[in-house]
Amino acid sequence: MRLPIHEIEIDFLAAYRDGARLILQAPTGSGKSTQIPQMLSRAGFLDGGEVIALQPRRIAARMLARRVASEMNEPLGGLVGYQIRNENHTSSRTRIRFVTEGILLRRLINDPELRGVSAIIFDEFHERSLHGDLTLARGLMLQKTARPDLKIVVMSATLDTDALSDYLSPCETIRSEGRVYPVDVSYIGDRLANSNAAIWDLAARSVADAVTEETEGHVLVFMPGAYEIGRTIRALGERLSSAKFRVLPLHSELGSKDQDAALDACDRRKVIVSTNVAETSLTIDDVRIVVDSGQARIARYDPSRGLNTLWIEKISHASANQRMGRAGRTCPGRCLRLWSERDHQQRAECDEPEAMRMDLAESILTLLATGVEDLDAFDWFEKPVESRIDEAFVLLSMLGAVDERRALTSAGRKMSEFPLHPRFGAMMLAADRYGCVPELSLAAAVAESRGLLLRKVDKSVLRRRESLLGDCAGSDLIAQMRAWSGARANGFDIGYCREIGIHAQTARQVSRVSDQIFSYAKYEDFNLIQEAPAREEDVVKCVLSGFPDRVCRRLDRGTLRVEMTGGLRGSLARESMARDSALFVACEINEIGTQRGDVSTVLNLCSEIQREWLEELFPNDFDSGSETKFDEKQKRVVERVFVRYRDLDIELKENLDVNIEVAATELAALVVAGKAKLDKWNSEVEVYLERVRFASSQFPEYEIEDFDEDSKSLVIEQCCLGAKSLRDLKRQAVMPLIKSWFGIEVENVVEAEAPMKVRLENGRTARIRYESGQAILSAKIQELYDLNAPPTLCQGRYQPRFEILAPNQRPVQLTDDLEAFWTNAYPSIKKDLAGRYPKHEWR
DNA sequence: GAGCACTGC
């Protein structure tokens with residue numbers, strides 16, 4: 001079959017012969033991934049050595065190898081093979097080797113000159129995966145030193161290859177047209193886009209309209225996550241006839257059976273509501289209509305706070321186009337974008353490369369291990385900001401992987417041998433000392449796998465799981481290890497796994513990874529002799545040695561609130577095994593945003609620890625009293641907040657829309673201190689600003705800059721660490737109201753599930769549930785307005801206000817005295833209220 | 001609705 005890519009074969013081979021570096025720009029569907037290696041083979045270029053074709057995903061490496069082998073009438077693993085983690089289908093005959101990027105990066109550690117390799121092809125480079133970026137930079141470095149004969153071919157689907165071409169210069173660029181069908185794109189109007197309509201309702205409406213106009217083919221709807229998918233499916237159920245349509249969810253946490261249902265053929269038209277999995281990883285045949293919410297949950301790592309954030313963000317043009325392309329694979333299609341054209345113009349052109357938003361510690365350790373001595377001179381395609389690299393080195397040196405000159409230590413060398421994050425590498429080194437290498441091989445594999453225990457399961461499943469697992473020494477990790485052992489004892493039987501809510505496929509994967517880690521440990525000559533299984537206490541000590549900066553203590557008994565070394569606050573995951581522990585270590589910290597704009601910091605994979613273990617493991621941190629560590633770290637947080645942005649006005653303005661909530665508190669503190677001005681404005685900043693103003697008005701004796709130690713910690717309390725979620729703001733608004741109406745001194749209003757504590761006039765305290773607190777407010781409003789039923793209180797999206805809905809769900813105008821309560825607490829609300837709610841008579 | 005995208009060694 002003749003493919004578009006064949007038209008450039010002669011040009012490509014000539015350029016390949018004459019130059020060392022080459023860019024091939026060709027869209028998806030042009031056949032470049034399968035044909036380019038074959039062209040090189042036919043032209044005899046592989047006689048001198050193999051070509052490595054890099055893929056960002058395992059499934060692509062496997063499928064491409066299979067496809068190319070069959071096109072060349074070769075057995076898989078002969079001339080054509082593939083290699084992914086724990087799967088190697090290659091032989092000494094192999095000349096075309098499809099591998100995932102991480103495999104090559106790892107190979108560079110043990111074989112820095114890549115002997116026997118004549119060329120590296122980078123496929124899908126536009127996706128800008130961290131491994132891809134690093135491998136390319138490392139490959140260039142190799143080509144410039146020991147291997148001038150090595151050829152580098154970079155293939156990308158995007159048109160914009162100028163920056164890449166500069167980076168690779170001298171380098172030729174060859175372009176090829178693809179064979180794609182046109183897709184008709186439409187946007188929704190400004191008014192609809194700015195309305196408060198929920199995204200799932202907009203989507204359901206669009207789907208219902210589109211399927212009547214376009215009467216064939218399937219529909220693919222993109223949503224940011226499982227929650228939104230559920231809502232969309234519910235909304236669609238009211239609009240589509242189930243005789244004609246089958247509505248199906250698709251996201252990675254579904255079982256494989258449910259995933260297959262979305263991909264399999266079907267007697268009806270399918271409406272598939274999916275996350276980003278359908279953007280690159282999975283392809284659904286015969287999709288004619290794409291409905292795109294324009295949102296995605298994007299993970300970022302915030303090195304200054306050491307946590308991952310997962311918030312809903314607007315997708316870039318590149319991503320929107322990729323989603324759109326899913327409608328034009330078999331014939332012309334259409335794409336409905338649920339945002340306005342004006343919004344579209346303001347969106348980013350491309351996604352931010354992974355290297356800019358991920359934890360760099362592991363990458364830097366790998367680079368050091370492949371022989372990069374001077375990281376300052378390392379030629380990144382796009383260099384991450386210096387502070388991120390610094391933060392990575394802080395972690396590496398805390399783990400003992402680098403010395404003060406930033407050079408690899410022998411411990412660091414050992415950590416780098418493991419295909420793991422250096423935190424887990426450090427855990428393995430500790431396992432060597434404590435004699436629990438097999439247990440930690442499993443612990444690392446389990447911790448890395450995530451998702452071993454399914455999150456959304458029935459209560460009956462939870463009960464069975466709990467009776468199987470026991471108390472697990474207050475450790476989520478040990479719980480997961482036990483769950484895995486149970487699954488293995490039952491041969492990873494699907495039925496058994498389902499009964500206790502284990503992802504069977506993940507459990508098998510964990511076995512392979514655990515074996516791999518164990519074999520690396522063996523190779524490294526670790527202590528493998530055990531007379532008895534390791535004590536769970538020792539296992540947790542090893543975990544702690546990889547996470548010395550993630551020690552948490554509970555703030556009180558009634559709630560799940562927690563403070564971490566470094567001062568960060570958050571909540572212990574409510575299902576955690578460490579829920580009865582006062583002190584624990586958290587392997588995973590996520591800051592999660594919801595569709596409504598709330599943000600919560602959740603600590604996962606926690607294990608109870610004892611104070612003495614800290615002294616045993618980190619004697620140096622405890623030389624002058626037990627609390628020093630906390631205080632030192634707190635000081636560092638304050639310095640960051642008030643020093644880091646001091647001279648960076650310009651950068652602040654430009655970055656204001658990006659990752660806004662990370663910077664917002666810090667910005668607000670600076671604005672109040674007169675250290676920064678903001679040109680752009682939006683409601684998130686306003687919220688934080690309001691809070692800082694509130695804090696400083698409550699404590700006028702403190703200046704925001706030049707703090708003494710006391711006020712520093714006060715500011716941490718008020719501005720930086722507490723009240724991260726909007727729920728806290730709401731709480732602050734509720735408290736004065738209750739006080740004024742009932743004469744009750746409110747001590748605190750705590751998280752939703754726990755009771756709210758109030759102090760009564762007679763000096764006793766009482767508890768009411770948070771929901772009851774809302775009910776009290778609601779009843780009071782009913783009384784004030786003389787309503788025939790209590791109104792509903794809703795939390796506003798970015799504003800610390802309550803929207804008041806009448807029983808018929810229409811919004812209500814506030815009376816002056818009620819409004820005054822809000823505005824006294826938060827002056828900015830006044831502006832927001834004015835004119836926002838139409839007067840509505842509904843008594 | 002208090003809670004979670006996707007990869008990869």
Side-chain angles (χ1 to χ4, degrees), chain A residues 54-61 83-87 99-109 124 127-132 134-135 198 222-231 234 250-253 274-282 295-300 308-313 315 319 351 354 358 362-363 365-366 369 416-421 424-425 444-445 448-451 455-456 509 512-513 516-517 520 560 570-575 588-604 725-728 730 750-754 770-771 794-795:
Chain A
L54 293 180
Q55 289 296 326
R57 278 170 294 279
R58 293 182 193 170
I59 185 152
Q83 189 180 351
I84 58 183
R85 187 171 195 171
N86 293 311
E87 246 179 273
V99 307
T100 36
E101 292 152 345
I103 293 273
L104 182 58
L105 205 51
R106 204 124 275 286
R107 175 164 167 184
L108 278 161
I109 293 182
E124 313 278 10
E127 288 188 15
R128 297 297 307 281
S129 74
L130 180 50
H131 281 162
L134 289 176
T135 322
F222 284 102
M223 282 286 152
Y227 173 72
E228 292 80 7
I229 289 175
R231 295 298 297 254
R234 243 194 289 165
L250 180 60
H251 51 88
S252 67
E253 218 175 89
S274 171
T275 60
N276 256 346
V277 274
E279 190 178 310
T280 45
S281 300
L282 299 173
Q295 304 174 340
R297 285 202 165 81
I298 310 269
R300 296 172 184 278
N308 299 310
T309 57
L310 194 58
W311 292 335
I312 295 171
E313 297 184 13
I315 62 168
S319 172
D351 292 310
E354 247 180 28
M358 291 300 195
E362 184 179 359
S363 304
L365 183 66
T366 307
S416 77
E417 292 291 339
F418 289 92
L420 294 169
H421 190 279
F424 295 129
E448 196 195 36
S449 79
R450 299 173 292 270
R455 254 186 286 126
K456 285 162 191 155
Q509 177 72 14
R512 287 190 287 268
V513 173
Q516 185 194 23
I517 296 169
Y520 276 101
L560 295 167
S571 291
L572 178 62
R574 59 173 172 270
E575 67 277 12
E588 215 181 286
I589 303 168
N590 291 310
E591 199 169 49
I592 297 163
T594 67
Q595 186 69 235
R596 282 211 168 181
D598 281 3
V599 176
S600 60
T601 305
V602 184
L603 296 95
N604 278 308
S725 74
L726 292 166
R727 206 175 294 132
D728 287 53
K730 190 168 72 175
V750 291
E751 306 279 350
E753 274 180 21
Y770 184 73
E771 289 85 351
C794 316
Q795 189 190 352

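Hydrogens, waters and symmetry mates are skipped; everything else that's a heavy atom, side chains included, is used. In the text below, chain A, chain B and the rest are named by the order of the sequence lines, each starting its count at 1.
Computed from coordinates, the A/Tyr520 OH to B/dC9 C1' distance equals 7 Å when rounded to whole Å. Here B/dT7 presents its P atom at 20 Å from CG of A/Leu105, a figure rounded to the nearest Å. Distance, A/Glu124 CD to B/dC6 C1': 15 Å, rounded to whole Å. Regarding A/Phe222, its CZ atom lies at a distance of 15 Å from the P atom of B/dA5, rounded to whole Å. Distance CZ (A/Arg57) to P (B/dC9): 12 Å, rounded to an integer number of Å. In this structure, A/Asn590 atom CG and B/dA2 atom C1' are separated by 15 Å, rounded to whole Å. Distance, A/Leu282 CG to B/dA5 P: 15 Å, rounded to whole Å. Atom CZ in A/Arg297 sits about 18 Å away from atom C1' in B/dT7, given to the nearest Å.
Closest approach to the A/His131 side chain among B/dC6, B/dC4, B/dG8 is made by B/dG8 (side chain taken as heavy atoms from C-beta onward). Checking B/dC6, B/dC4, B/dC9 against the side-chain heavy atoms of A/Arg106 singles out B/dC9 as nearest. The side chain of A/Glu575 lies closest to B/dG3, out of B/dG1, B/dT7, B/dG3.
Contact detail for A/Arg106 and A/Glu417: the closest heavy-atom pair is NH1-O, 3.4 Å. Scanning all heavy atoms of the two residues, the minimum distance from A/Pro419 to A/Glu448 falls at O-OE2, 4.0 Å.
When heavy atoms are screened at a 4.0 angstrom cut-off, A/Asn86 is found touching no nucleic acid atom at all. Heavy atoms of A/Ala296 sit nowhere under 4.0 angstrom from any nucleic acid atom. In this structure, A/Leu310 reaches the bases: a heavy-atom distance under 4.0 Å links it to at least one base atom across the strands shown. As judged by a 4.0 angstrom heavy-atom cut-off over every strand, A/Ile84 is placed among residues touching the sugar-phosphate backbone only. Using a 4.0 Å heavy-atom distance criterion, A/Glu588 is classed as making no nucleic acid contact. Residue A/Tyr227 is classed as a base contact, given a heavy-atom separation below 4.0 Å to a base. Residue-level contact check: A/Ile592 touches the bases, meaning some heavy atom is under 4.0 Å from a base atom. Among the atoms of the strands shown, none is found under 4.0 Å from any heavy atom of A/Thr366.
Residues A/Ser129 and A/Glu101 bring a donor and an acceptor atom of their side chains to less than 3.5 Å of each other. Using modelled atom types and a 3.5 Å distance limit, the side chains of A/Ser319 and A/Glu279 yield a donor-acceptor pair.
Mapping A/Pro419 and A/Arg231 onto DNA chain B by nearest heavy atom places A/Arg231 at the nucleotide closer to the 5' end. Where A/Ala226 and A/Glu362 each meet DNA chain B at their nearest nucleotide, the meeting point lying more 5' is that of A/Ala226.
Taking the side chain to side chain donor-acceptor pair (under 3.5 Å) definition, one finds that A/His251 meets it with nothing, sequence neighbours left out.
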Item to complete: Before giving the answer on side-chain contact (heavy atoms from CB on, under 4.5 Å), spell out for A/Glu228 and A/Arg297 the whole-Å C-alpha distance, their side-chain angles and the decisive distance to 0.1 Å.
Response: CA-CA 11 Å; A/Glu228 292 80 7; A/Arg297 285 202 165 81; 3.0 Å; yes
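A/Ser600 has no side-chain polar atom (N or O) that falls below the 4.0 Å cut-off from OP1 or OP2 of B/dG3. Between A/Arg85 and the phosphate of B/dC9, there is no side-chain N or O to OP1/OP2 separation shorter than 4.0 Å. When the side-chain nitrogen and oxygen atoms of A/Arg300 are compared with OP1 and OP2 of B/dA5, none of them lie within a distance under 4.0 Å. In this model, the phosphate group of B/dC9 is approached by a side-chain N or O of A/Thr100 to a distance below 4.0 Å at OP1 or OP2.
For the pairing with A/Leu282, the side chain to side chain contact (heavy atoms under 4.5 Å, CB included) check across A/Ile59, A/Val277, A/Asn276 returns one residue only, A/Val277.
Within 3.5 Å, a donor on the side chain of A/Glu448 pairs with an acceptor on the base of B/dC9, or the reverse. A donor-acceptor contact under 3.5 Å is not formed by the side chain of A/Arg58 with the base of B/dG8.
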